[in-house]
Amino acid sequence: MVPTSYYLVLSAVLFGLGVVAFIFKRNIITIFMSIELMLNAVNLAFVAFSRALGQLQGQVFVFFVIVVAAAEAAVGLAIIIVIARNRGTLNVERVDSLKH
Amino acid sequence: MTLQIAVFLILAAVAVAGAVSLILQRHPIHSALSLIVVMVALAGLYLLQGAEFIAAVQIIVYSGAIMVLFVFVIMLLNAGEEERTNLSRMARFVGVPLGVVFLLEVAYWIARATSHMAQASTQAVSTRDLSTLLFREYVFPFELTSFLILIALLGALVLARREDSD
């Protein structure tokens, strides 16, 4: 069997990479994708704990996380479309009308 | 090393490689494809842990629906490559070392804190048990999510509608 800590370390690494991508990327769509990566990393930890503790609640929670992520993706991408239409750019460094 | 650990290491390497590729690719469509690789590898890891239902949902909803939506929007907006700025060059020299140190630190402490945890239990959970739990104990949150999706649908429609149509 694969020890639970292996899964948790992988989950932490993926979450950290998601944070790095969130900070590094300047395209708003890629930033949004890194949020999805972080959600996936958390899901992996949920399933690993569900398996380790022998309880199904973790998997139920993963199911709800996926549903909420789908709803979030729909609304978030609609917002991105509005930003692209109003500002004419997807670069977050150029969406700075509050600064000027 | 057992077969399961070998499969885990392969899938984990694929997932991490996909996540790194998500960061390194400059074109959003390449990042989206890298993210799909991560999600498929994670579905394999769910299968390895005996969570077949979650693995199937991961493939169908995440790689199937959500990522198709992303790719669709990238093509709709005709998103091009990211442009480089002075700040992004600085981020490479300051951010990459900090990110690597952060990852190693977190991985070390999690490995240390959870190494005493019992090995994963062997009894497989069936999709039947999962659905019983979902539709008995968690039926109210389940119905609530359908409401949430309805609201998200309406919100997306209202937001993405063209203003000049009226």
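All values derive from a computational prediction rather than experimental measurement. Just so it is clear: chains get the letters A, B, ... in the order the sequence lines come, proteins before strands, and each one is counted from 1. No hydrogens, no waters, no symmetry mates; every other heavy atom, side chains included, goes into these values.
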### Query
Should B/V73 and A/F32 be marked as a side chain to side chain contact (heavy atoms under 4.5 Å, CB included) after you check the CA-CA gap, both sets of side-chain angles, and the distance that decides it?
CA-CA 12 Å; B/V73 168; A/F32 202 50; over 6 Å; no
### Task
Kindly indicate, with the supporting measurements, whether the criterion side chain to side chain contact (heavy atoms under 4.5 Å, CB included) is fulfilled by A/K25 and A/N27.
CA-CA 6 Å; A/K25 304 304 275 187; A/N27 188 310; 5.6 Å; no
### Task
Determine, step by step, whether B/Y46 and A/Q59 satisfy the side chain to side chain contact (heavy atoms under 4.5 Å, CB included) criterion, reporting the C-alpha distance in whole Å, the side-chain angles of both residues, the deciding distance to 0.1 Å, and the verdict.
CA-CA 10 Å; B/Y46 295 153; A/Q59 294 192 25; over 6 Å; no
### Task
Would you please test A/M33 and B/M67 for side chain to side chain contact (heavy atoms under 4.5 Å, CB included) and show each step?
CA-CA 9 Å; A/M33 281 194 275; B/M67 289 319 291; 4.0 Å; yes
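Only the side chain of B/L76 comes within less than 4.5 Å of a heavy atom of chain A; its backbone N, CA, C and O stay farther away. Heavy atoms closer than 4.5 Å to chain A are found in the side chain of B/F8, but not in its backbone. Looking at B/A111, the atoms closer than 4.5 Å to chain A (heavy atoms on both sides) sit in the backbone and in the side chain alike. Heavy-atom distances place both the backbone and the side chain of A/L44 under 4.5 Å from chain B. For B/F70, the parts lying near chain A are the backbone and the side chain together; criterion is any non-hydrogen pair under 4.5 Å. Residue B/V61 touches chain A through its side chain alone, counting heavy-atom pairs closer than 4.5 Å. When heavy atoms are compared at a cutoff of 4.5 Å, B/A113 does not approach chain A at all. With a 4.5 Å cut-off on non-hydrogen atoms, A/V82 touches chain B through its side chain but not through its backbone. Heavy atoms of A/L14 lying under 4.5 Å from chain B belong exclusively to its side chain. For A/I29, the parts lying under 4.5 angstrom from a heavy atom of chain B are both the backbone and the side chain. In this structure, chain B has no heavy atom under 4.5 Å from any part of A/E72. Contact of A/V68 with chain B is made through backbone and side chain together, with heavy-atom distances under 4.5 Å. Using a 4.5 Å cut-off between heavy atoms, A/A84 contacts chain B through its side chain alone, with no backbone atom that close. Within the 4.5 angstrom heavy-atom criterion, atoms from both the backbone and the side chain of B/I74 approach chain A.
Between B/L47 and B/A55 the shortest heavy-atom distance is CG-CB, 3.8 Å. Nearest heavy atoms, A/R85 versus B/A160: NH2-O, 3.1 Å. Contact detail for A/L37 and A/L17: the closest heavy-atom pair is CD2-C, 4.3 Å. The two residues A/S11 and A/A45 make their nearest non-hydrogen contact at OG-CB, 3.5 Å. Closest approach of A/A73 to B/I66, counting heavy atoms only: CB-CG2, 3.8 Å. Of all heavy-atom pairs spanning A/A48 and A/T4, the tightest one is O-CG2, 3.9 Å.
For chain A, the option among B/A32, B/A65, B/G155 with the highest count of heavy-atom pairs below 4.5 Å is B/A32. Between chain A and the options B/L42, B/L48, B/V7, B/V106, heavy-atom pairs under 4.5 Å are most frequent for B/L42. When A/V67, A/T30, A/L77 are compared by the number of non-hydrogen pairs under 4.5 Å with chain B, A/L77 comes out ahead. By number of non-hydrogen pairs under 4.5 angstrom with chain B, the leading residue of A/N43, A/I23, A/V19 is A/N43. Among B/A19, B/G18, B/S131, the residue making the largest number of heavy-atom pairs under 4.5 Å with chain A is B/A19. Heavy-atom pairs under 4.5 Å with chain A peak, among B/V20, B/L22, B/L24, at B/L22. Residue with the most contacts toward chain A among B/V57, B/L144, B/I54: B/I54 (heavy-atom pairs, distance under 4.5 Å). Between chain B and the residues A/V60, A/I80, A/V20, the most heavy-atom pairs under 4.5 angstrom are made by A/V60. With chain A as partner, the option from B/L98, B/L157, B/L133 having the largest number of non-hydrogen pairs under 4.5 angstrom is B/L133.
By the 6.0 Å contact criterion, CZ on A/F61 is open, its count of non-hydrogen atoms from other residues, nucleotides or ligands being 12 or less. Within a 6.0 Å radius of OH in A/Y6, other residues, nucleotides and ligands contribute 12 heavy atoms or fewer.
At distances below 3.5 Å, not a single donor-acceptor pair connects side-chain atoms of B/S21 with backbone N or O atoms of B/A17.
For an aromatic pair to be called close, the ring centres must be under 6.0 Å apart, and A/F49 with A/Y7 fails this.
The CG atom of B/L9 sits 10.0 Å away from the CG atom of A/L10 when rounded to the nearest 0.5 Å. For the atom pair A/K99 NZ and A/E93 CD, the distance stands at 8.0 Å (nearest 0.5 Å).
The stretch residues 146-154 of chain B places B/L148, B/I149, B/A152 near chain A, each with some heavy atom under 4.5 Å from a heavy atom of that chain.
In this pair, B/F142 and A/F63 present their aromatic rings parallel. The plane angle is below 30°, not in the 30 to 60° band.
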